[in-house]
Each structure stands twice: as structure tokens, then as C-alpha cells.
Amino acid sequence: MVDVDEFIEEAKAEIAEEIGDKHAVIGLSGGVDSSTAAALAYEAIGDQLTAVYVDTGLMRKGETDEIRETFDYMDSLRIVEAQDRFLDELAGETDPEEKRHIIGEQFIREFETVAREVDADYLVQGTIYPDRIESEGTIKSHHNVGGLPERIDFEGIVEPMRDLYKDEVREVARALDLEEIISERMPFPGPGLAVRIIGEVTEEKLEVAREANHVVEEELEEYEPWQALAAVIGKATGVKGDNRVHGWVVAVRSVESRDGMTARAQELDWDTLQRMQSRITGAHENVARVVYDVTHKPPATIEYE
Ligand code: XMP
């Protein structure tokens with residue numbers, strides 16, 4: 001990207017030209033990519049854009065409220081409350097790729113309902129360069145609204161940020177005055193906390209994962225990691241009060257990276273690690289221990305599933 005203002009003007013012109021006087025939809029995930037694409041598209045075509053945010057119940061703490069506040073200025077923002085439907089669909093499923101598939105499918109179903117309702121001709125997506133590279137390979141099935149074009153006959157798909165890297169997207173987000181909480185927020189996977197829970201997604205594991213991720217984001221902000229997360233990875237024995245418990249093991253992971261394709265585990269100081277341990281074990285009666293993941297990518301991936 002040469003110059004951020006130039007990029008914005010060109011992207012807006014491209015969006016406006018492609019969409020003309022038609023109607024477009026975009027899926028807002030809460031992450032920086034889709035938020036930036038939505039803000040760009042809204043500047044280009046205003047209320048001809050419907051931004052759809054599906055609350056899957058797999059979001060980070062406070063995320064839905066932040067979206068509501070940040071995009072309050074868009075009259076056409078739609079928030080779909082789909083938490084129960086996602087949990088029902090995921091019940092009993094333990095296979096990582098199946099979980100992704102179920103979430104992707106349900107997401108498309110929810111999104112499709114709105115896209116048909118508003119009679120959208122175009123789909124805008126916040127796809128960035130590394131997404132294209134990873135989905136060309138067979139590393140993981142990246143989803144989001146990827147399957148939609150087969151189900152709805154859109155006239156076209158607009159991907160204004162297809163050639164950008166993450167750090168460039170952040171520059172654009174800042175230039176568009178997106179709230180810092182969004183422009184500086186760490187990447188978060190489309191399937192949300194579901195890939196930070198090994199095995200079946202249950203309400204209790206979700207509660208633990210949501211609180212633990214919140215603690216990690218807060219405690220590690222000063223380290224400026226590319227991504228930091230907590231995952232519920234299994235069960236182990238612990239003692240809480242006078243009792244032995246068979247409780248959750250939470251893994252904390254913090255990595256440096258440019259684009260997520262490779263990553264280095266971050267070195268953290270002991271006090272920080274201990275503070276996270278104490279807050280996470282204290283956050284839920286069934287958390288038995290906290291471990292820190294020192295594995296780079298490769299060989300590990302960033303997420304746990
Ligand atoms: P991994 O775990 O493959 O992650 O090292 C690389 C980057 O991609 C994100 N990620 C996903 N993003 N859908 C997404 O939209 C997914 O299914 C998915 N899986 C991983 C991950 O958070 C990291 O930034």
C-alpha cells in the first residue's frame with residue numbers, strides 16, 4: 001500500500017463504482033478487517049449498505065456492545081441474536097474441522113436471512129491478503145461468509161482490502177477514525193472462542209474461555225503481542241479450598257507475528273504470568289490450573305484447533 005489516504009479514496013471509488021445504486025451487505029465480525037471494510041463501504045455508499053453482525057455467543061467479552069456503540073451511526077446496522085442456535089448446533093461435536101463447518105454453516109444461514117430480507121445485490125467482504133493465501137492451501141477451512149455466494153446469487157463480491165496485510169488494515173482503520181478498541185484489537189478467528197475450546201463447546205467452557213481471554217488481553221496489552229489468547233484445553237486435578245477438584249486447564253498463549261503465517265511465542269515476565277494465573281484460576285470455581293505455551297508457529301498453530 002503506497003499511501004493510506006490514497007488507498008482509501010481509491011477503495012471508496014471502486015466500491016461506489018461497482019455497486020452503483022444497488023444494495024450491499026457485509027458481515028461484521030467485531031474484528032478489525034470486517035469493521036474496516038464496513039466503515040470504508042459505508043463511506044462509499046452510505047445506507048445502501050446493510051452491516052450484519054451475528055452474535056454467535058462465541059464472541060469476546062463485551063464485543064457485541066462495542067459493535068453496537070461503534071457502528072451506531074449506521075442506520076442500517078443489524079444485530080442478530082443467534083447465541084442459542086449456535087450452541088444447539090454445536091452440542092456434542094468435538095471435531096475441530098466439524099465445529100468450524102457447523103459455525104460457518106450457521107453463520108451463513110443467519111446472514112442469508114438478512115441478505116434476502118434486504119434484497120442485497122452485492123456482498124462486501126473484509127478479506128485480506130493472508131486470508132487468500134491460507135485458504136488457497138489446505139491449512140484450515142476459513143469460513144465466515146465464504147459459502148454465501150453459492151447460496152445467494154449476488155451480482156458481485158467486493159473485497160476492497162484483498163491486497164492488504166493486517167498492519168496496513170490497522171493504518172486504514174486509524175485513518176477512518178475507527179475506535180481504538182477496534183483498530184488496535186488483536187485478530188480474532190471467525191469461529192471465535194470455539195477454536196479456543198478443545199472438544200465440545202459447552203456453556204461452562206465458554207464462560208471460562210471468555211473470562212480468561214479478557215484477562216489475557218488486559219494483562220498483555222503492554223507487551224503489544226500480535227495475538228494473545230487463552231484456551232480451555234482439558235481437565236486436570238487441583239485443590240480449591242479444602243477440596244480436590246477435577247477442573248479446567250487453561251493455556252495462555254502470546255505471540256509475535258507479522259501476518260499469522262509464522263509466529264514466535266513471546267517471553268513474558270514471571271509477575272505477569274503469575275498475575276494471569278491468579279486472575280484466571282480465581283475467575284471460575286472449576287479452573288484448576290493455568291499453563292503458558294512456549295511453542296512457536298511452526299510447529300504449533302496460533303489457535304488450539
Ligand atoms: P493458526 O491457528 O492457523 O491461525 O495459526 C492463523 C491466524 O488465523 C486465525 N484463524 C482463523 N481466522 N477463521 C478465521 O477467520 C478460522 O477458522 C481461523 N483459524 C485461525 C488465527 O486467529 C490467527 O490469527
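Please read these numbers as outputs of a predicted model, since none were measured by experiment. We count ligands from 1, going down the list as the structure has it; atoms in each ligand are counted the same way.
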Quiz item: Any non-hydrogen atom of Trp226 lying under 4.0 Å from ligand 1?
Solution: yes
Self-check item: Residue selection (non-hydrogen contact nearest atom 18 (C) of ligand 1) among Arg100, Met186, Glu97, Arg253
Solution: Arg100
Quiz item: Taking N or O atoms only and a 3.5 Å limit, does Pro191 qualify as a polar contact for ligand 1?
Solution: no
Exercise. Could you please spell out the steps behind the side chain to side chain contact (heavy atoms under 4.5 Å, CB included) verdict for Val52 and Val118?
Key: CA-CA 11 Å; Val52 185; Val118 301; over 6 Å; no
Quiz prompt | Polar contact flag, side-chain donor to acceptor under 3.5 angstrom, Tyr223-Asp269 | solution = yes
Self-check item: Gly190: numbered ligand 1 atoms lying under 4.0 Å from its heavy atoms
Solution: 12 (N), 13 (N), 14 (C), 15 (O)
Self-check item: Polar atom proximity, Arg196 to ligand 1 (N or O, under 3.5 Å)
Solution: no
Exercise. Verify the distance criterion only: is there a donor paired with an acceptor across the side chains of His101 and Glu97 at less than 3.5 Å?
Key: no
Quiz item: Going by the atom numbers of ligand 1, which of them fall below 4.0 Å from some non-hydrogen atom of Gly260?
Solution: 6 (C)
Practice problem: Output the list of atoms in ligand 1 that are nearer than 4.0 Å to some heavy atom of Lys297, sorted by atom number. | Solution: 1 (P), 3 (O), 5 (O), 6 (C)
Self-check item: Centroid-centroid distance, Phe71 to Tyr42, less than 6.0 Å
Solution: no
Quiz item: Does Arg109 pair with Glu105 as a salt bridge, N-O distance under 4.0 Å?
Solution: yes
Quiz item: Heavy-atom contacts under 4.0 Å between Gln227 and ligand 1: side chain, backbone, both, or neither?
Solution: side chain
Practice problem: Consider only side-chain N and O atoms of Glu179 and Thr70, and report whether a donor and an acceptor are under 3.5 Å apart. | Solution: no
